[in-house]
Amino acid sequence: MTAAPQLVPGFRFGAFVLDRTSGELRRNGTRLKLQEQPFQVLIKLLENPGNLVTREELHSTLWPADTFVDFDTGLNCAIKRLREALGDSADVPRYIETVPRRGYRFIAPLNDTASLNGAAPLDETRPQTTAVADKSTRVFSPAHLATAALALLLAAGVGALAVWLRSPRPSPQITGSTQLTWDGLAKGDLRTDGESLFYSERRDGRFTTFQIPIGGGSPSELDSSSAGFLPGEISPDGAQILLVPHKMGTPEPTIRIMDLASASVREVSGIHTETASWAPGNKLVYAQGPDLFIAGQDGSGRRKLLTASGMIHSVGFSPDGTRIRMSVVDHLKFVGAIWEARADGSGLHELLPGWHAIPQECCGAWTPDGRYYVFQSFERGSSKIWVIPDKEQALRKTPPVPVLLTTVPLIFNSPAPSRDGKKLFVLAEQPRAELIRYDSNSGQFLPFLSGISAGDVEASPDTHSYVYVRYPDRTLWRSRADGSEPVELTSPLLHVALPHWSPDGNRIAFSAQKQGSAWNIYLMPSTGGAAEQITFGTVADLDPAWSPDGKTLAFGQNFPSSETVRISIQLLNLENNAINPMQGSDGLCCPRWSPDGRYLAAEKADSWDEIVIYDFVAQKWRVAVKGIGTVGYFTFTRDSKSLVFDTQEVKDPYFYRLRMEDFTFAPIVSLKDSTRFYSQLGAWSGVAADGSPLLVRDVSNQEIYALDWRLP
């Protein structure tokens, strides 16, 4: 005979304990009134923490199959009563998240249930019987009475301490919110000095630093001479702010320091980085690739602190100056975790090992008093804000665990605690894109394929169909040329980019990434079916381009070296699966084969400001475009006579047309007033079947919010 499955007798979460044996839900020891159906819903959710429990599963849990009830009304009522008992909110849930039209998910961490597995707790209200001596022969002296009283006091103290040690720590929670900005534009890098909020915002094609009063108001540009620079950390005394260059804004990113009182700006000699913060003693700590350094404000006295296992971002010292925390990112897999070290760089270790199987945490900050650390974590397609006590009380045995502060439908990032510790400033976004085409007759950008939220678009060889990647879930789709009959070709578990039709129209090659894995090249039938992975390994393979005979794929391969990511172009023979590097392609990426087979276009990956062309007849490379700023995507027209490309992160971005006949290029249309949508691989552009430029407009809504929070 096999043993019956053992049910967990109870659950602990936040300040709550659920005992399924007694059928009780308690908060800090106080029994709560909860009817049977809400209680059963809670048990079902707790048995599947973090996972979706469908409405159909809850239906079968609450009512037998032959029961006829108004299921929707009954379940909605049970969920409402359950949330009332937990003090939860449907809009900003801490415990029960609604998955629209599908079901519910329990999102709070569960504490250890081991304490519920033993004997029943002592009922201190029940009289206790003990064997005693004959009262007639027992004499109690004053000394005996004093000793007994002291023992009772000690026992009570020990009992109270035991209860405190075993009781769950009250959880931080959001109690209210206020929207502070209203323009909807893309923002990032939120900071505060206690009086103002500083943030980056994309305007006129590039990021610039702006500021608003801490209570909201009209934004103003922080420094017109620092266009392309992002706000870094503010000094502990609130007097200075670091300005760090956007990674695509300049090839030599030298950081700057602004005095907030005088608005004077000075460069820090010799420190070229996108990641910098303040260190004790008014020094600077900064990263270059996987290496972390400390130096004086003028760049002198540079000293290496540590080397991490990946690229370092979002570095910062604890308020007491004893520890450093940073995001360590694998750029090839797009995953990363928060790591911690001592102030001297020793003792480097992951902050939350094993918390998520595939870690995607970053961008943390301490509260000013150092009691809490708040950070963002990316999971199931959404970024959420979490908080963790920085140090648990010394007598408690349970380590601190992260507490979820925000949830869907908004995507939250860039958490910044206020200087007084009473508020948390965040960026909240509802991402959406719109596919548009430049119409030369009207001189306007018009919706294309009905303005779907998609990019990475390419027409089939017969121009009867299009493939595209839908944003923001990054799934692959195919539709008719007019946008009708859309068909989803891949599941959300596979993130897709840059699909391209084979010359005969029978197959589609694309780059794709499974969560926690590197990008690789896949093939699938254009009619749909299983996607076949054809490159493997821990490197990143991107941008597959077909040769005109359909026998070879050229693609860009990224692979790690000691301090950076190296890039080259590889040629994959589809007949024997042999892969060989293309001649002279070190440092080049993003290949595009001309339809007539004469040329292969590529881009310089170190500067992103050069397009180079390989001539298969002359068998040599030549520089075709240089000196007009950062180049975005580029695509050959179907007749191979032109290469259409765009520029980004420059004062005057344009669509350009490069004539292959004489290698001259000229602007097509200005993009200065176009708000571009940035996916994981940047702002895509391309061409329609008739050669007209395509791009993706950002119609997201992203704003700054002030969240009121309670930190026990």
Side-chain angles (χ1 to χ4, degrees), residues 191 232-244 253-257 268-331 336-355 359 361-376 387-394 399-400 402 415-417 419 560-564:
R191 308 283 188 267
E233 295 296 335
I234 297 173
S235 59
D237 60 7
Q240 301 178 96
I241 183 173
L242 292 171
L243 299 174
V244 297
T254 301
I255 66 173
R256 300 177 179 181
I257 297 178
V268 181
S269 176
I271 297 184
H272 307 285
T273 184
E274 304 155 19
T275 301
S277 186
W278 298 91
N282 253 352
K283 294 183 178 181
L284 299 177
V285 59
Y286 64 96
Q288 290 184 333
D291 297 324
L292 190 67
F293 298 87
I294 193 168
Q297 281 195 34
D298 59 357
S300 63
R302 165 176 162 155
R303 178 168 57 89
K304 184 176 176 180
L305 292 176
L306 58 86
T307 298
S309 58
M311 304 300 180
I312 296 175
H313 296 275
S314 305
V315 64
F317 267 86
S318 60
D320 62 7
T322 61
R323 288 163 294 147
I324 313 169
R325 284 182 184 167
M326 68 210 80
S327 303
V328 178
V329 179
D330 184 333
H331 280 187
I338 297 173
W339 288 66
E340 180 181 89
R342 301 185 188 96
D344 61 1
S346 63
L348 181 63
H349 64 279
E350 190 174 346
L351 181 64
L352 297 168
W355 184 49
E361 292 85 53
C362 77
C363 316
W366 272 279
T367 54
D369 58 12
R371 294 194 305 124
Y372 288 90
Y373 187 77
V374 60
F375 61 96
Q376 68 187 60
V387 65
I388 185 172
D390 187 50
K391 290 183 178 178
E392 188 61 277
Q393 289 95 331
R419 291 264 167 153
S561 64
S562 58
E563 292 190 357
T564 185

Tested for side chain to side chain contact (heavy atoms under 4.5 Å, CB included) against Met326, the lone hit among Val285, Ile338, Leu306 is Leu306
Is there a side-chain contact between Leu352 and Pro359, using heavy atoms and a 4.5 Å cut-off? no
What residues, two or more places apart in sequence or in another chain, satisfy ring pair (Phe, Tyr, Trp, His ring centres under 6.0 Å) together with Phe317? none
Rounded to the nearest 0.5 Å, what's the gap from OG1 on Thr254 to CD1 on Ile271? Could you check? 9.5 Å
Check Ser277 against Gly316 and note the closest heavy-atom contact, atom names and distance. OG-CA, 4.1 Å
Would the distance check show the side chain of Thr273 and the main-chain N or O of Ala287 forming a donor-acceptor pair, the cut-off being under 3.5 Å? yes
Does Asp369 come within less than 4.0 Å of Arg371, counting only side-chain N to carboxylate O? yes
Are the side chain of Trp278 and the backbone of Glu233 linked by a donor-acceptor contact shorter than 3.5 Å? yes
Does the Glu340 side chain pair with the main chain of Arg323, one donor and one acceptor, at a distance under 3.5 Å? no
Please give me the minimum heavy-atom distance between Trp339 and Ser309, naming the atom from each residue. CZ2-OG, 4.3 Å
Closest contact, heavy atoms only, Gly296 versus Leu284: O-CD1, 4.1 Å
Can you tell me how far CG of Asp390 sits from CZ of Arg325, rounded to the nearest 0.5 angstrom? 4.5 Å
CD1 on Ile257 to OG on Ser235, rounded to 0.5 Å: 9.0 Å
Which of these passes side chain to side chain contact (heavy atoms under 4.5 Å, CB included) with Phe375: Pro402, Pro415, Cys362, Cys363? Pro402
Over 60° means perpendicular and under 30° means parallel, so classify the ring planes of Tyr286 and Phe293, tilted if in between. parallel
Quick one, Pro417 and Pro368 - any side-chain contact, counting heavy atoms below 4.5 Å? yes
Determine the minimum heavy-atom distance between Pro236 and Arg419, stating which atoms define it. O-NH1, 3.0 Å
As an exercise, state the distance from CD of Gln288 to CZ of Arg302, rounded to the nearest 0.5 Å. 4.5 Å
Could you tell me the separation between the CZ atom of Arg191 and the CD1 atom of Ile241, rounded to the nearest 0.5 Å? 8.0 Å
Which distance, rounded to the nearest 0.5 Å, do you find between the CZ of Arg342 and the CD1 of Ile324? 11.5 Å
Under 3.5 Å donor-acceptor, Thr367 side chain and Tyr372 backbone: yes
Between Ala343 and Gly321, which heavy-atom pair has the shortest distance, and what is it? CB-O, 3.4 Å
